[in-house]
Amino acid sequence: MEILEAKDVTYYYPETDKPAIKNINLKINEGEFVLIVGPSGCGKSTLLRLFNRTVPDFYGGKIKGQVFIKNKLIKDMKKEDIVKNIGMVFQHPEKQIVLENVEREIAFGLENLNMDYNSMRRNVAEVMSLLGIENIKERGTSEISGGEKQRVAIASVLAMRPEVIMFDEPISQLDPIGAEDVLNSIKKLNRDFGITVILVEQRLDKCFDMADRIIFMDKGEIVGEGSPHRIPPFIDKNYFLPNISYIFKNAGYKELPVNVKEGRHLIKDRVFNEIESISSPEGEVLIEVKKLSFEYEKGKKVLRDINFNLKKGEVLAVMGENGAGKSTLFKIIAGVIDRYKGNIYINGKDISKLNIEERIKKVGYLSQNPNDYFGRDTVFDEVSYTLKNIGEYDKKRVNDVIKSMNLTEVEDKNPRDLSGGEKQRVAIACTIVSNPEILILDEPTRGMDGAQKENLGSIIEKMKSDGKTIVIITHDADFAGDYSDRTMLLFNGEIIAQGLSSDILFDSTYYSPLISRVFKGKARVIKSKDAALLLKVVK
């Protein structure tokens, strides 16, 4: 039975003459698990918004065509009935959380539906247990990590028990273990409870094989559909496929694996030469951190006795569980937080002695939430703002950075009107335009498709060749493997491992690139391009 349908739908956001989605014809069956994939800004999130009527009711704009829920025209339905049928977890949990306490936030939707108290308690307890967040139920929503906020947002929707749940990049901020837990919970809801699931996600390696059906979108249109093992032959871009599939396709394989198990099966009888070992850059020490400790509340240490060095021209990946202290550590180095114990030196000078202008020129910092950067009316003005602040405005430099981040087509738009991936690229442009010696990127690939990740990787490699030092705080082990020299693993406020990425990532259980798991026991591989070369050699 069809539960959702879009018929000949075209939609324009306000004050635009280019449709966000066009000629959409789509039917979703009851109990189906549908994955929607495509490049950043192609209309995936807008497509979801059709089915909870936030377009055009909330966003405004013009819409043509018809949308149905259980064969009823959505425009004729009461909002309460739409909410009971359709739940949505948004791309940015900050936009979805409204209350100050975690448990109350999860109960908020139930209160609005006038659910009785005992049923409400049961629903809240069950979803907290399902998502593993019972331990934070008494905490404030402003005090928890980005990944924890993501799970709270998911729990608040699950608690209302809608028949359809739409997820807009629900694991974008989660560490590998947390992401697996959330996806397993989503799969369980679909498989064991019959809930219809529509998922938009860029981390395709983690969810591609979960779907019954995959919808491929590009430039606002549905360009094809298939299943994990029946992908139309013209679907060959890296933003349509899991990284594993894309690597094997580039190596000339006809049969494409969609997970580690299938990849290992394809190469089980093959023998490979070892990849040449990689050494750390030989540059001078640029950052030195000694016995750094920090606590937000007295007696609750977030960082414990942190010691490490960073060399000029080095790319460091920082990984670890949500709430481990990764962002806090590098906010301190960037000067965002100034209460700490210990010493931090840049070029041998204690950072406490640097003024604000000196810090901006030395350290560029990209926060986890791109919306933190936006206060200007256009992308161009936003990217220009930092240079104007330090008295170094250069129109050519602004244009060059906008072009390098593939933002030229949206430079006159308000950054708040862009897609999640586009916003992230604007935030990165704002960070790199001042040409800092040290660049700290906190979850830079959040919301990015495969092509944009490659583009960002090329920018990082160029900056490295220019002698810049780059820190990538990330849950994306594949990106870390492709572009970092060294990796630091942080848990519970302590560094538990640091060294060459080729050693740390390959030997890790949960923080290894998926291609490393495919080659485990055969070759020490962490880079996608090395894997593709090895696969071509054995063909």
Side-chain angles (χ1 to χ4, degrees), residues 175-177 179-180 202-209 236-239 241-281 314-320 444-445 448 450-451 453-458 460-461 464 470 472 474-489 497-539:
D175 61 57
I177 299 171
E180 293 290 345
Q202 297 288 8
R203 294 168 73 175
L204 298 181
D205 283 292
K206 294 189 176 295
C207 60
F208 201 82
D209 60 347
D236 59 357
K237 300 290 192 297
N238 59 352
Y239 47 71
L241 298 170
N243 197 40
I244 288 176
S245 307
Y246 188 65
I247 290 168
F248 275 79
K249 189 176 186 71
N250 278 350
Y253 283 71
K254 300 297 183 187
E255 182 181 353
L256 300 182
V258 295
N259 54 40
V260 170
K261 181 179 179 180
E262 294 175 5
R264 288 184 65 81
H265 177 75
L266 282 176
I267 65 171
K268 63 183 172 58
D269 298 324
R270 311 259 169 94
V271 177
F272 300 94
N273 296 322
E274 277 293 343
I275 295 291
E276 185 179 345
S277 60
I278 303 168
S279 59
S280 185
E314 190 168 46
V315 181
L316 173 71
V318 182
M319 306 187 73
T445 62
M448 282 192 179
K453 286 182 186 181
E454 279 191 11
N455 183 60
L456 175 60
S458 298
I460 287 172
E461 288 178 334
K464 175 187 171 181
I470 299 134
I472 307 167
T474 186
H475 295 310
D476 190 335
D478 294 325
F479 190 80
D482 282 341
Y483 299 107
S484 69
D485 303 307
R486 290 175 61 240
T487 294
M488 173 194 297
L489 295 183
Q498 59 178 317
L500 293 175
S501 294
S502 54
D503 295 331
I504 300 294
L505 292 178
F506 187 83
D507 292 332
S508 176
T509 302
Y510 291 107
Y511 294 88
S512 58
L514 292 184
I515 201 64
S516 297
R517 302 178 197 182
V518 171
F519 278 88
K520 203 80 170 179
K522 290 182 172 290
R524 295 183 70 83
V525 179
I526 66 166
K527 294 183 182 294
S528 302
K529 62 183 180 182
D530 290 340
L533 284 172
L534 284 178
L535 290 169
K536 283 181 179 177
V537 168
V538 301
K539 278 292 289 176

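Numbering starts at 1 and runs along the sequence shown. Keep in mind that the numbers below use all heavy atoms, side chains included, and drop hydrogens, waters and symmetry copies.
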Not counting sequence neighbours, which residues clear ring-ring contact (aromatic ring centres under 6.0 Å, His included) with Y239? List them please.
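In terms of ring-ring contact (aromatic ring centres under 6.0 Å, His included), with neighbours along the sequence ignored, Y239 is linked to no residue.
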
Can you name the residues that form a ring-ring contact (aromatic ring centres under 6.0 Å, His included) with F208, not counting sequence neighbours?
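If we apply the ring-ring contact (aromatic ring centres under 6.0 Å, His included) test to F208, skipping adjacent residues, there are no hits.
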
Residue list, side-chain hydrogen bond (donor to acceptor under 3.5 Å, both in side chains) with [X], at least two apart or on another chain:
| X | result |
| --- | --- |
| S508 | none |
| R203 | none |
| S484 | S501 |
| D507 | R524 |

List the residues meeting side chain to side chain contact (heavy atoms under 4.5 Å, CB included) with [X], not counting sequence neighbours, and say none if there are none.
| X | result |
| --- | --- |
| E454 | N238, Y246, Y483 |
| N243 | D205, I247, D478, S528 |
| I504 | T487, L489, A497 |
| K261 | N259 |

Pairs flagged by ring pair (Phe, Tyr, Trp, His ring centres under 6.0 Å) wherever residues 513-533 is involved - sequence neighbours left out
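Listed by first then second residue: F272-F519.
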
Restricting to pairs with a member in residues 509-522, which pass salt bridge (Lys or Arg N to Asp or Glu O under 4.0 Å), not counting sequence neighbours?
none

